[in-house]
**Student:** 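The structure that follows is given in the form of structure tokens.
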Amino acid sequence: RLDVHASVGQSTASELVIQGDKFARRVMMYCSAAAETEFDPATPFQLVPGAFNRAAVRFKMRSAGQHKVHIHMVDLDTKELVCAWLVNVNCNLPVVTKVYDVQLPCDCVVSKKLSFVNQWDKNRRYKLLSSDEGLMRPRNEFVDIVGGELGT
């Protein structure tokens, strides 16, 4: 069992520890929330026998609330279940730092520019996501902003 605390849209990494048994196994990780989960390694890998092996899992939840995620490690040669985890992901909404009041006409496509400031000293790349792509879709998925400057 693993408990993870995350924010909507942000990646949260955790580590899974697997004790190898008496012989080497070629294994692969699978998850019930595949669209919101990434593994490292993402490809099949070898478990070292008699040692503690580590695999990383990264969650990027798209909705707030409690999520139960099942992770299975399967031996690719024998199709045996090697290890399983029940992950409880408690996902909170991010802190709102700025609110935009936008008025739009109905039944037509509208493009709007929203400006924001990179508060960091370093250049940052922001990934824009929508909780409902049917209502709002960013024109560009990524925005690069120089440190301390205004971006749109």
**Student:** Donor-acceptor pairs are to be reported for all side-chain atoms of residues 8-22 against protein atoms at under 3.5 Å, with residues two or more places apart or in another chain.
**Tutor:**
{"residue": "Glu15", "atom": "OE1", "partner": "Arg54", "partner atom": "NH1", "Å": "2.8"}
{"residue": "Asp21", "atom": "OD2", "partner": "Arg25", "partner atom": "NE", "Å": "3.1"}
{"residue": "Asp21", "atom": "OD2", "partner": "Arg25", "partner atom": "NH2", "Å": "3.0"}

**Student:** Name all pairs fulfilling the ring pair (Phe, Tyr, Trp, His ring centres under 6.0 Å) condition that reach into residues 125-145, sequence neighbours left out, sorted by first residue then second.
**Tutor:**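 Found Phe116-Tyr126.
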**Student:** Identify the heavy atoms of Cys91 and Ser7 that sit nearest to each other, and give their distance.
**Tutor:**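 Of all heavy-atom pairs spanning Cys91 and Ser7, the closest is SG-C, 3.7 Å.
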**Student:** Can you give the donor-acceptor pairs under 3.5 Å from side chains of residues 63-74 to other protein atoms, not counting sequence neighbours?
**Tutor:**
{"residue": "His67", "atom": "NE2", "partner": "Ser63", "partner atom": "O", "Å": "2.9"}
{"residue": "Lys68", "atom": "NZ", "partner": "Asn88", "partner atom": "OD1", "Å": "3.0"}

**Student:** Is it true that Val82 and Val57 fall in one hydrophobic cluster, defined by side-chain heavy atoms closer than 4.5 Å?
**Tutor:**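 In one cluster: yes.
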**Student:** I'd like to check the side-chain hydrogen bond (donor to acceptor under 3.5 Å, both in side chains) partners of Arg26; sequence neighbours left out, ordered by chain and number.
**Tutor:**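 Only Asp77 meet the side-chain hydrogen bond (donor to acceptor under 3.5 Å, both in side chains) criterion with Arg26.
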**Student:** Output all residues satisfying ring pair (Phe, Tyr, Trp, His ring centres under 6.0 Å) with Tyr30, sequence neighbours left out; order by chain, then residue number.
**Tutor:**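 Ring pair (Phe, Tyr, Trp, His ring centres under 6.0 Å) check on Tyr30 returns nothing, list empty.
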**Student:** Not counting sequence neighbours, which residues clear salt bridge (charged side-chain N to carboxylate O under 4.0 Å, His left out) with Arg125? List them please.
**Tutor:**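 Expected list: Asp144.
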**Student:** Hey, are the side chains of Asn90 and Val4 touching, using non-hydrogen atoms and a 4.5 Å cut-off?
**Tutor:**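 No, too far: nothing below the 4.5 Å cut-off.
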**Student:** What residues form a side-chain hydrogen bond (donor to acceptor under 3.5 Å, both in side chains) with Glu141, not counting sequence neighbours?
**Tutor:**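 Glu141 satisfies side-chain hydrogen bond (donor to acceptor under 3.5 Å, both in side chains) with Lys127 once adjacent residues are dropped.
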**Student:** Only pairs under 3.5 Å count here: list side-chain donor-acceptor contacts from residues 37-47, not counting sequence neighbours, and write none if there are none.
**Tutor:**
{"residue": "Thr37", "atom": "OG1", "partner": "Ala33", "partner atom": "O", "Å": "2.8"}

**Student:** Output all residues satisfying side-chain contact (heavy atoms from CB on, under 4.5 Å) with Val110, sequence neighbours left out; order by chain, then residue number.
**Tutor:**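 For Val110, the residues satisfying side-chain contact (heavy atoms from CB on, under 4.5 Å) (neighbours in sequence not counted) are Leu104, Pro105, Cys108, Lys112.
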